[in-house]
Asker: 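One structure, as structure tokens, below. Some questions next.
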Amino acid sequence: MKILPVKTRIFKEKENLTDFILEHIPHLSEGSVLAVTSKIVSLAEGRVEKKISEENKIRLIKQESELAFRTKYVWLTIRDNLIMSDAGIDESNADSKLILLPKNSFKSASLIREELKNKFRLKRLGVLITDSRLFPMRNGTVGVALSYAGFKGIKEYVGKKDLFGRPFKFQRVDIADSLATSAVLTMGEGNESIPLAVIEDAPITFTDKVNPRELQISIKEDVYQPLFEKIHTLKWKKRRD
């Protein structure tokens, strides 16, 4: 698998996103995946607000999320079945404004894909809209798939056998987030000015129909749910290395 980061000029608010992509990527190959940072998708859609005050930002956080509560550092929120800080509202590289997440990121990914498929006359093309997240009890951000189009986001192993013939009962691989993590690593989080990346030779299955809920899991079925419920009552042991 190859990832080709694409350095660009600064994207302007409400600029045509497809034209911007074509300006910097004159050719896409059959079977490639285009990673696009969610920030420029939001800018293209005009999902920008003036901060005005901290109170205004808090209002937007609550407006944009399904669940929100204050923690030591951020508002911890749930939006589109994803746990994130501050409903994904970003102030970095935003020129003193607040950039909200795309309104419907799966729809946005699909529209971008259709325009690029037609332009380059491709049958197999994927589009991946990326963002960044923190993992519980891990330092540093990693890339995550906010949405995608043109390929299956899950690789299913249930019913198949491992090296020793033992059948898998639960194993699935999160293809979409794995690709996003790889792409975001090359795109950076600071002033790199790399909002696009082309992924080639990815081990994925292309499809014209994507199930936006295939990566979702109920909180009741989440393996970490019991830990989240009890962690504040548990006594921690210090490791002796």
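Values reported hereafter were calculated over all heavy atoms of this structure, with side chains retained and with hydrogens, waters and symmetry mates removed. In this chain, residues are counted from 1 in sequence order.
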Asker: Testing K51, R47, K39 one by one against D90 for a salt bridge (charged side-chain N to carboxylate O under 4.0 Å, His left out), which residue passes?
Answerer: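 When salt bridge (charged side-chain N to carboxylate O under 4.0 Å, His left out) is applied between D90 and each of K51, R47, K39, only K39 qualifies.
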Asker: Just so I know, are the side chains of K220 and Q225 near enough to count as touching, which here means a heavy-atom distance under 4.5 Å?
Answerer: no
Asker: Does R70, at its CZ atom, have more than 12 non-hydrogen atoms belonging to other residues, nucleotides or ligands within less than 6.0 Å?
Answerer: yes
Asker: For E13, what residues pass the side chain to side chain contact (heavy atoms under 4.5 Å, CB included) criterion, not counting sequence neighbours?
Answerer: L43, V48, K97
Asker: Is T181 reaching over with its side chain to a backbone N or O of G143, donor-acceptor style, under 3.5 angstrom?
Answerer: yes
Asker: Should L125 and F120 be marked as a side-chain contact (heavy atoms from CB on, under 4.5 Å) after you check the CA-CA gap, both sets of side-chain angles, and the distance that decides it?
Answerer: CA-CA 10 Å; L125 175 69; F120 295 115; 5.8 Å; no
Asker: Around atom CZ of R121, are there more than 12 heavy atoms from other residues, nucleotides or ligands closer than 6.0 Å?
Answerer: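 No, not enclosed.
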Asker: Do other residues, nucleotides or ligands put more than 12 heavy atoms under 6.0 Å from R59 CZ?
Answerer: yes
Asker: What is the minimum heavy-atom distance between S85 and V74, and which atoms define it?
Answerer: CB-CG2, 3.6 Å
Asker: Which residues satisfy the side chain to side chain contact (heavy atoms under 4.5 Å, CB included) test with I204, sequence neighbours excluded?
Answerer: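 Residues passing side chain to side chain contact (heavy atoms under 4.5 Å, CB included) with I204: V33, F151, I175, L179, A202, F206.
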Asker: Going from OG1 on T130 to CE on M187, what distance comes out if it is rounded to the nearest 0.5 angstrom?
Answerer: 4.0 Å
Asker: Testing the basics here: between L146 and P102, what is the closest heavy-atom pair and its distance to 0.1 Å?
Answerer: CD2-CD, 3.8 Å
Asker: In this structure, would V198 and I194 fall into the same cluster of hydrophobic residues linked by side-chain contacts under 4.5 Å?
Answerer: no
Asker: Is a side-chain donor or acceptor of D222 paired with a backbone partner of Y224 at a separation under 3.5 angstrom?
Answerer: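 Looks like yes, one N/O pair under 3.5 Å.
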Asker: Tell me whether I154 at atom CD1 has more than 12 heavy atoms from other residues, nucleotides or ligands lying less than 6.0 Å away.
Answerer: yes
Asker: Atom CD1 in I25, atom CD in E23: separation rounded to 0.5 Å?
Answerer: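 Reported value, rounded in 0.5 Å steps: 11.0 Å.
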Asker: Following the transitive rule for hydrophobic clusters with a side-chain heavy-atom cut-off under 4.5 Å over Ile, Leu, Val, Met, Phe, Trp and Tyr, establish whether L196 and L17 coincide in one cluster.
Answerer: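 Yes; L17 is reachable from L196 via cluster members.
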Asker: Using only atom types and a distance under 3.5 Å, with no angle test, would you say the side chain of R79 pairs donor to acceptor with the backbone of E64?
Answerer: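 Yes.
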Asker: Quick check: are there more than 12 heavy atoms from other residues, nucleotides or ligands sitting under 6.0 Å from NZ of K7?
Answerer: yes
Asker: Is a donor on one side and an acceptor on the other found under 3.5 Å between the side chain of E200 and the backbone of G31?
Answerer: no
Asker: Inspect the surroundings of NZ in K57 and state if more than 12 heavy atoms from other residues, nucleotides or ligands are less than 6.0 Å away.
Answerer: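 Yes, because the 6.0 Å sphere around NZ of K57 holds more than 12 heavy atoms from other groups.
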Asker: Which heavy atom in I3 sits nearest to a heavy atom in A197, and how many Å separate them?
Answerer: CG2-CB, 4.2 Å
